[in-house]
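Note on naming: letters A, B, ... go to the chains in the order of the sequence lines (proteins, then strands), and numbering restarts at 1 for each one.
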There are 2 protein chains.
Amino acid sequence: MTTVLIVDDQPLQRYGFHLLLDSVPETDVVGEAAHGAEAVRKAAELRPDVVLMDVRMPGMDGIEATRRIVAAGGRSRVLVLTTFDLDEYVHAAIRAGASGFLLKDARPEELLAGIRAVASGDAVIAPALTRRLLDEYAQYVPAHRGNAADDPRLGSLTDREREILVAVGKGWTNGEIAARFVLSESTVKTHVGRVLAKIGARDRIQAVIFAYDHGLARPNAD
Amino acid sequence: MTTVLIVDDQPLQRYGFHLLLDSVPETDVVGEAAHGAEAVRKAAELRPDVVLMDVRMPGMDGIEATRRIVAAGGRSRVLVLTTFDLDEYVHAAIRAGASGFLLKDARPEELLAGIRAVASGDAVIAPALTRRLLDEYAQYVPAHRGNAADDPRLGSLTDREREILVAVGKGWTNGEIAARFVLSESTVKTHVGRVLAKIGARDRIQAVIFAYDHGLARPNAD
DNA sequence: GGCCACGTAGTACCGCGGTACTACGCGCCC
DNA sequence: GGGCGCGTAGTACCGCGGTACTACGTGGCC
């Protein structure tokens with residue numbers, strides 16, 4: 001039996017979902033919420049297996065509510081529903097930790113299959129959105145990422161050297177690194193020099209590129 | 001009516017799929033292939049809506065076959081099937097341009113739904129794989145990517161300056177850029193200087209970071 | 001015609017970055 | 001005890017990178 005919390009600001013919409021979920025034996029609607037804050041509170045209180053979350057709501061929206069429910073660390077999984085397949089929603093929801101993203105015009109069996117999948121720890125994405133997601137994914141995720149992460153050159157670095165490499169990847173000068181790590185600039189130079197030699201980089205610029213390619217530097221991390 | 005090409009090295013497996021697809025009116029199996037090369041040839045010849053592709057095959061594997069079929073530019077969409085949910089397969093398939101990825105132990109209706117979705121231009125991922133895909137996606141895709149791509153600083157660059165920035169992002173020295181673009185080093189310096197001023201970077205290192213954050217530089221592009 | 005944006009090119013100067021080499025203290029292991 | 005890896009630090013040197021400024025040809029727009 002899968003317990004479900006329905007979150008939507010429109011009573012009629014909640015009613016529809018409630019009816020649908022009651023029509024099958026495997027799901028049990030344990031509560032409803034009309035906005036984000038109530039959703040967070042009820043999720044903590046009722047500890048449902050799945051939270052059926054609308055994105056657009058007055059006050060705290062579904063994304064923020066998702067973030068908080070996921071951050072709370074309970075076992076509740078969030079399945080986000082929306083009318084529009086706006087990319088921002090999808091991205092934001094994924095980053096917020098949602099386990100799924102479906103369109104409200106999904107067929108009932110799709111919704112039920114989604115709830116089933118989410119409840120069992122899997123994730124679902126509406127086919128119409130998956131297309132774009134895959135395209136972006138292919139763009140962003142480096143080829144042979146696994147190999148890159150396991151690059152033997154990475155393992156040859158000492159902990160300190162890896163720290164230095166990350167700092168270099170942030171674009172810091174030797175002087176800045178020295179200041180932040182409370183070191184002399186000479187020491188930083190020594191470390192940087194060793195890092196360059198180990199990873200086979202000509203200069204710190206290629207070290208920055210190496211850091212990005214190997215996941216040591218993350219966009220917007222600074 | 002959706003035309004399907006079945007690709008699998010095991011005759012029994014092909015037979016099973018064939019039976020399943022024949023049991024519903026909406027799909028029409030137009031051909032079978034036992035290995036990658038045959039799949040590529042038959043895809044070009046039969047121009048099916050959907051290619052049901054097994055990953056593990058002797059000779060040319062499903063990934064390579066997928067790459068070629070997609071590269072051929074026809075309207076055929078490839079739905080990859082596998083027994084094991086190995087990450088490498090999923091990544092490789094996505095990069096190869098597959099429109100979907102399902103496990104062979106999927107229930108028949110899931111497979112049919114997948115074929116339907118793929119045929120209509122959407123994409124599907126087995127729920128069991130989607131979970132991991134989303135986790136990685138959230139990690140790799142920068143927040144507010146849309147905003148970053150629309151950075152006004154990017155628009156202020158001239159075409160030439162953007163080319164230079166990309167070259168800088170590859171880690172090339174001014175001398176190398178001059179050589180590859182057939183320019184004097186002075187000119188390159190002038191361009192780089194203007195780029196730095198426009199994007200607000202202190203030095204070329206921060207320009208490299210800027211390039212990565214804004215999608216101008218791609219991992220493993222060089 | 002004149003202005004402006006752009007791409008091209010040069011000179012001069014300075015400083016950060018990178019290399020080479022040396023050095024020392026600490027903790028660990030044979 | 002002696003070696004060794006690691007982190008720390010220094011000196012000396014050189015060159016690439018970045019800045020400032022000037023300059024000129026071309027194409028487009030008023």
Can a donor-acceptor pair be found between the side chains of B/T3 and B/D49 at a distance below 3.5 Å?
yes

Send over the distance from [X] [atom1] to [N] [atom2], rounded to a whole Å.
X	N	atom1	atom2	result
B/E185	D/dG15	CD	P	13 Å
B/Q206	C/dG17	CD	C1'	15 Å
B/D203	C/dG17	CG	P	8 Å
B/L165	C/dG7	CG	C1'	17 Å
B/K198	C/dG7	NZ	C1'	11 Å
A/R194	C/dA20	CZ	P	13 Å
B/E163	C/dC6	CD	P	14 Å
A/I177	C/dG17	CD1	C1'	11 Å

Under 4.0 Å between a side-chain nitrogen and a carboxylate oxygen: does that hold for [X] and [Y]?
X	Y	result
B/D9	B/R56	no
B/R67	B/E64	yes
B/E45	B/K42	no

Of the nucleotides [options], which one has an atom closest to the side chain of [X]?
X	options	answer
B/T173	D/dT8, D/dC6, D/dG17	D/dG17
A/L183	D/dT19, C/dG18, D/dT8	D/dT8
A/R204	D/dT8, C/dT8, C/dG17	C/dG17
A/T158	D/dC6, D/dG10, C/dA9	D/dC6
A/K189	C/dG10, D/dG17, C/dT19	C/dT19

For B/V182 and A/N174, find the nucleotide of DNA chain C closest to each by heavy atoms; which residue's nucleotide sits nearer the 5' end?
B/V182

Whichever of B/I205 and B/E161 has the more 5' nearest nucleotide on DNA chain C, that residue is B/E161

Is any side-chain N or O of A/T187 closer than 4.0 Å to OP1 or OP2 of D/dA9?
yes

Report yes if a side-chain nitrogen or oxygen of B/R202 is closer than 4.0 Å to either non-bridging phosphate oxygen (OP1 or OP2) of D/dG18; otherwise report no.
no

Just how far is it from atom CG of A/D122 to atom CG of B/L129, taken to the nearest 0.5 Å?
8.5 Å

Sugar-phosphate, base or nothing in reach of B/S184, heavy atoms under 4.0 Å:
sugar-phosphate

Whichever of B/V192 and A/H191 has the more 5' nearest nucleotide on DNA chain D, that residue is A/H191

